[in-house]
Amino acid sequence: MPELPEVEILVRHLAPLLPGRRIRAVQVGRPRVCRPDPPDRLVEALTGATFRSVTRRGKYLVFSLVRRRRAFQVLGHLGMTGRMWLERSAGPLPRHLAAALDLGRERFVFEDVRFFGRLSLDLSPVEALGPEPLDPAWDGAALAARLGRSTRPIKVCLLDQAIVAGVGNIYASEALHRARIAPTRPAGRLRHAEHAALAAAIREVLAEAVAGGSTVPLDHRAGTDGLYYYGRAAEAGADYGERLAVYDREGAPCLTCGRSIRRSVQAGRSTFHCPRCQR
DNA sequence: CACCATGTTCCTTG
DNA sequence: CCAAGGAACATGGT
């Protein structure tokens with residue numbers, strides 16, 4: 001579930017919980033998540049460190065910590081299936097453990113079924129990111145500037161994190177539908193009005209997802225099993241699906257015009273669009 | 001068994 | 001040199 005909105009919701013959840021917590025021990029479940037660093041380096045850096053803050057950049061989580069008076073940062077990414085949460089230090093760790101940080105009474109758990117995610121000292125991926133779409137200064141002109149005269153399909157460009165940070169496969173299709181732009185349009189040939197409409201649509205779609213996700217309680221219940229969860233609760237799943245106008249709705253009627261939603265493949269990934277609304 | 005999956009990166013081909 | 005396409009990564013769901 002991780003595109004910008006999901007990461008933003010996670011960061012808002014963790015931001016008030018992590019600062020001040022000291023890491024007593026680090027367990028790396030899969031060395032791969034530390035790439036390109038050797039696991040030992042991450043373990044050494046984190047052991048004894050104290051969390052200062054957590055922020056988001058694109059789909060990345062940026063953890064700021066201090067150890068022996070020295071400040072440093074760690075980059076987190078959820079990949080396709082990653083989840084992070086804080087829980088009481090008891091009971092078994094998840095089967096697909098990427099990493100776990102012992103905070104004393106509680107622990108920070110990073111689970112990732114497919115292990116595409118990351119927790120590393122290498123901050124370089126963040127430097128390659130394009131602008132933040134939720135930044136008020138980001139607009140159609142900023143989008144146009146990054147698109148340049150590219151002949152790539154606009155949908156493919158939206159997945160390029162150097163053009164705009166945080167848009168993934170779901171919201172790329174959603175934003176194009178809202179802006180009424182066909183996903184196959186060469187990016188460099190959009191008109192000014194379309195750049196503006198698309199930038200606005202991207203911002204709206206992402207902001208609504210953050211707002212919608214936030215209204216779904218993050219489930220901090222320490223009730224039954226003493227866990228602090230991150231992730232949509234079962235009941236939130238329905239709401240989540242209902243908010244999507246085209247993604248994963250192949251054959252279903254367009255919510256705007258009724259025409260059947262079409263699925264295609266671009267750059268190896270599914271694209272969904274309405275052939276009538278988007279041309 | 002086949003195909004699909006919210007992401008990123010590397011390699012090959014044109 | 002750049003763009004585009006495909007494969008790889010690893011695992012699970014349908």
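In this text, all values refer to a predicted model and were calculated from it rather than measured experimentally. In the text below, chain A, chain B and the rest are named by the order of the sequence lines, each starting its count at 1.
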Could you tell me which residues satisfy ring-ring contact (aromatic ring centres under 6.0 Å, His included) with A:Phe110, sequence neighbours excluded, listed by chain and number? none
Could you measure between the two P atoms, the one in C:dG12 and the one in B:dT9, and give it in whole Å? 24 Å
Where at least one partner belongs to residues 246-270 of chain A, residue pairs that pass ring-ring contact (aromatic ring centres under 6.0 Å, His included), sequence neighbours excluded: A:Tyr247-A:Phe272
Rounding to a whole Å, what distance do you find between A:Leu75:CG and B:dT9:P? 10 Å
Just list the side-chain donor-acceptor pairs under 3.5 Å for residues 24-34 of chain A, sequence neighbours left out, or say none.
unit_1  : atom_1 : unit_2   : atom_2 : d
A:Arg32 : NH1    : A:Phe115 : O      : 2.6

In residues 61-76 of chain A, what donor-acceptor pairs under 3.5 Å come from side-chain atoms, sequence neighbours left out?
unit_1  : atom_1 : unit_2  : atom_2 : d
A:Ser64 : OG     : A:Gln73 : NE2    : 3.1
A:Arg67 : NE     : A:Thr47 : O      : 2.6

Starting at CZ of A:Arg269 and ending at C1' of B:dG7, how long is that distance when rounded to a whole Å? 6 Å
A:His77 vs B:dT8: side-chain N/O to OP1/OP2 distance below 4.0 Å: yes
Euclidean distance, atom CG of residue A:Leu78 to atom C1' of B:dG7 [Å, nearest integer]: 10 Å
For each nucleotide in nucleotides 7-14 of chain C, reading 5' to 3', give B when a protein heavy atom comes within less than 4.0 Å of its base, S when such contact involves only the sugar-phosphate, and - otherwise. --BBBS--
Return each pair, listed once, that meets salt bridge (charged side-chain N to carboxylate O under 4.0 Å, His left out) where at least one residue sits in residues 252-267 of chain A; pairs must be two or more places apart or across chains. none
A:Asp122: which residues meet the side-chain hydrogen bond (donor to acceptor under 3.5 Å, both in side chains) condition with it, sequence neighbours left out? A:Ser124
For A:Tyr247 and B:dC4, what is the distance between atoms OH and C1' respectively, to the nearest whole Å? 9 Å
Write down the distance separating the P atoms in C:dA10 and B:dC11, rounded off to the nearest Å. 16 Å
Would you write the dot-bracket representation of DNA chain C, where each base gets (, ), [, ], | or . depending on whether it forms a Watson-Crick or G-U pair under 3.5 Å and with which partner? .||||||||.||||
Output the residues of residues 149-168 of chain A in contact with DNA chain C, where contact means a heavy atom of the residue under 4.0 Å from an atom of the strand; sort by number or write none. A:Thr151, A:Arg152
Under-4.0 Å salt bridge between A:Arg107 and A:Glu87: yes
Would you please name every residue forming a side-chain hydrogen bond (donor to acceptor under 3.5 Å, both in side chains) with A:Lys155, sequence neighbours left out? A:Asn169, A:Thr271
Salt-bridge present (A:Glu8, A:Lys59; N to O < 4.0 Å): no
So, using salt bridge (charged side-chain N to carboxylate O under 4.0 Å, His left out) as the criterion, who are the partners of A:Arg189 when residues are at least two apart? none
Can you give each donor-acceptor pair under 3.5 Å made by side-chain atoms of residues 250-258 of chain A, sequence neighbours left out, with the distance rounded to 0.1 Å?
none

Length of the CZ-C1' vector between A:Arg263 and B:dA5, whole Å: 10 Å
